[in-house]
Amino acid sequence: MSDQVVLGGPIDLDQTLYSGQVFHWNRCPDGFWSGLLGNEAVVVSEKKQNLILHHGPAKKVAHHFALDHPLQEIYAEFPDEALSLASLAACRGMRILRQPRWECTATFITSSMKQVGHIRAMSLAIRERFGTAVVGSDIHAYPAFEVLAKASESSLRGCGLGYRAGNLLKTARMFADGKLDLEAIAKLPTPKLRQTLQTLPGVGVKVANCILLFAYERLDAVPIDTWIDRILLAMRKGRKGTPAQLAAYARRRLGPYAGYVQQYLFHHARMTKKGR
DNA sequence: CGCCAGGGTCTCG
DNA sequence: CGAGACCATGGC
């Protein structure tokens with residue numbers, strides 16, 4: 001724990017790890033964050049807006065935290081509009097993580113109609129019940145799809161998944177059966193990739209956009225959940241629209257880094273509208 | 001108790 | 001194509 005490595009920045013670790021992208025990190029009283037990157041234990045902290053590595057694989061961690069994302073260039077593309085500028089002022093330093101693909105896909109399949117706290121609880125339960133222990137961490141690794149494919153639906157429901165258990169199970173079996181490869185499809189253009197992801201049980205347009213944004217570096221992908229839906233409605237001065245119309249509006253109005261803008265809007269709204 | 005949560009899917013008009 | 005019903009679970 002004496003060897004510290006400055007990985008770079010700027011980054012706001014609290015905003016990044018508490019914004020509903022990942023759900024298994026723990027913030028210690030001393031400000032250190034402990035979590036997992038795949039099946040490797042990681043401990044990081046923040047000092048003068050720089051990411052400090054205390055434990056874990058430096059190169060992978062820097063890549064995961066997307067320290068190469070050009071934040072200043074991204075901020076310059078934020079729309080000149082009250083809500084987006086307010087979210088930028090409040091969340092400056094938050095980065096869109098590069099997540100392991102299966103882990104991200106599975107987690108967001110369980111996310112439908114669930115609050116962030118519930119998603120975290122389900123993730124931890126699944127890890128505890130099906131994942132393998134990791135040296136140096138009290139959190140288990142997220143189970144591979146081969147493992148979940150052999151689980152029973154009732155045992156998944158025991159993790160609090162409800163009706164989402166069937167979707168996660170069927171999706172895990174599709175990968176176990178080799179019907180789809182999350183790595184092989186990474187080179188597809190965004191529309192085709194979104195369409196492919198939506199063939200997975202429990203993955204519609206919103207979850208597909210989450211996977212595109214958080215696991216495939218498609219920084220223009222905009223997940224529209226209930227929060228963003230309300231925000232877009234406000235930006236349109238109350239003018240409602242079909243999901244397709246709202247998606248087109250978001251793509252046009254939020255710019256080339258629309259996914260980034262969306263994440264700032266989402267987190268800021270959640271933090272200001274209610275506690276947690 | 002009623003309502004809502006980072007929705008998806010199926011049915012019906 | 002677009003609106004509605006239904007799907008489990010937990011917190012307020």
Side-chain angles (χ1 to χ4, degrees), chain A residues 15-25 83 87 91 94 96-97 99 103-126 129 151-174 194-216 218-235 239-250 254 258-276:
Chain A
Q15 306 273 8
T16 299
L17 290 175
Y18 234 31
S19 60
Q21 301 182 56
V22 289
F23 305 90
H24 63 287
W25 285 76
L83 281 176
S87 72
C91 305
M94 180 168 73
I96 303 280
L97 300 169
Q99 295 187 38
E103 194 175 309
C104 178
T105 301
T107 301
F108 277 95
I109 284 176
T110 68
S111 75
S112 81
M113 293 298 287
K114 277 292 188 185
Q115 295 183 149
V116 169
H118 298 157
I119 302 169
R120 174 181 172 87
M122 289 184 291
S123 167
L124 294 178
I126 290 172
R129 172 71 178 80
S152 67
E153 183 170 334
S154 62
S155 66
L156 285 171
R157 283 178 181 256
C159 296
L161 295 194
Y163 65 86
R164 304 158 194 82
N167 288 331
L168 182 56
L169 183 56
K170 279 183 275 186
T171 295
R173 285 177 177 166
M174 283 183 65
R194 180 185 293 110
Q195 182 185 344
T196 302
L197 290 170
Q198 286 187 237
T199 65
L200 297 170
V203 179
V205 61
K206 188 273 177 183
V207 170
N209 278 320
C210 283
I211 302 169
L212 286 170
L213 179 61
F214 298 140
Y216 286 94
R218 309 304 164 98
L219 301 183
D220 57 335
V222 181
I224 300 179
D225 72 324
T226 56
W227 290 91
I228 298 299
D229 191 69
R230 285 192 293 267
I231 291 169
L232 291 177
L233 189 63
M235 291 176 72
R239 190 165 54 91
K240 298 183 180 180
T242 66
Q245 289 172 323
L246 289 179
Y249 175 84
L254 301 187
Y260 248 95
V261 179
Q262 170 277 149
Q263 191 63 18
Y264 278 58
L265 288 169
F266 170 79
H267 186 56
H268 181 52
R270 243 168 44 81
M271 291 301 101
T272 52
K273 285 294 192 290
K274 241 182 181 177
R276 175 105 30 113

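Chain A is the first sequence line, chain B the second, and so forth, proteins listed ahead of strands; every chain is numbered from 1.
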Considering every strand and a 4.0 Å limit on heavy-atom distances, what is the contact class for [X]: base, sugar-phosphate, or nothing?
X	value
A:Ser19	base
A:Leu213	nothing
A:Gly202	sugar-phosphate
A:Phe23	nothing

In whole Å, what is the span from the [atom1] atom of [X] to the [atom2] atom of [N]?
X	N	atom1	atom2	result
A:Arg157	C:dG10	CZ	P	12 Å
A:Ile109	B:dG7	CD1	C1'	12 Å
A:Lys170	B:dT9	NZ	P	9 Å
A:Arg120	C:dG10	CZ	P	17 Å
A:Leu246	C:dG2	CG	P	12 Å
A:Arg270	B:dA5	CZ	C1'	10 Å
A:Asp225	B:dC4	CG	P	15 Å
A:Arg164	C:dC6	CZ	C1'	13 Å

Subject >> Option passing side chain to side chain contact (heavy atoms under 4.5 Å, CB included) with A:Leu232 (candidates A:Ile224, A:Leu83, A:Leu265) >> reply: A:Ile224
Side-chain donor/acceptor of [X] to backbone N/O of [Y], under 3.5 Å:
X	Y	value
A:Thr171	A:Leu168	no
A:Tyr260	A:Ile96	yes
A:Gln21	A:Phe214	no

Subject >> A:Phe266 ring over B:dG6 six-membered base ring, under 5.5 Å and 30° >> reply: yes
**OP:** Please measure how far the C1' atom in B:dT9 lies from the corresponding atom in C:dG10, and state the result in whole Å.
**Re:** 23 Å
Original post:
If we take the P atom in both C:dA3 and B:dG6, what is their distance in whole Å?
Top reply: 24 Å
Subject >> N/O donor-acceptor pair, side chain A:Gln263 with base B:dG6, under 3.5 angstrom >> reply: yes
Original post:
Got a donor-acceptor pair under 3.5 Å from the side chain of A:Gln262 to the base of B:dG6?
Top reply: yes
Subject >> Nearest-nucleotide 5' precedence on DNA chain B, A:Val203 against A:Phe214 >> reply: A:Phe214
Original post:
Looking at the side chain of A:Lys206, which of B:dG8, C:dG2, B:dA5 is the nearest nucleotide?
Top reply: B:dG8
Original post:
Which nucleotide in the list C:dT9, C:dA3, B:dG7 gets nearest to the side chain of A:Lys114?
Top reply: C:dT9
Original post:
Passes side chain to side chain contact (heavy atoms under 4.5 Å, CB included), A:Arg270 versus A:Val116? Steps please.
Top reply: CA-CA 10 Å; A:Arg270 243 168 44 81; A:Val116 169; 3.6 Å; yes
Original post:
So which one's nearest nucleotide on DNA chain C is more toward 5', A:Ser112 or A:His118?
Top reply: A:Ser112
Original post:
Minimum heavy-atom separation for A:Leu156 to A:Leu161, with atom names?
Top reply: O-CG, 3.4 Å
Original post:
Does a nitrogen or oxygen in the side chain of A:Arg230 sit under 4.0 Å from OP1 or OP2 of B:dA5?
Top reply: yes
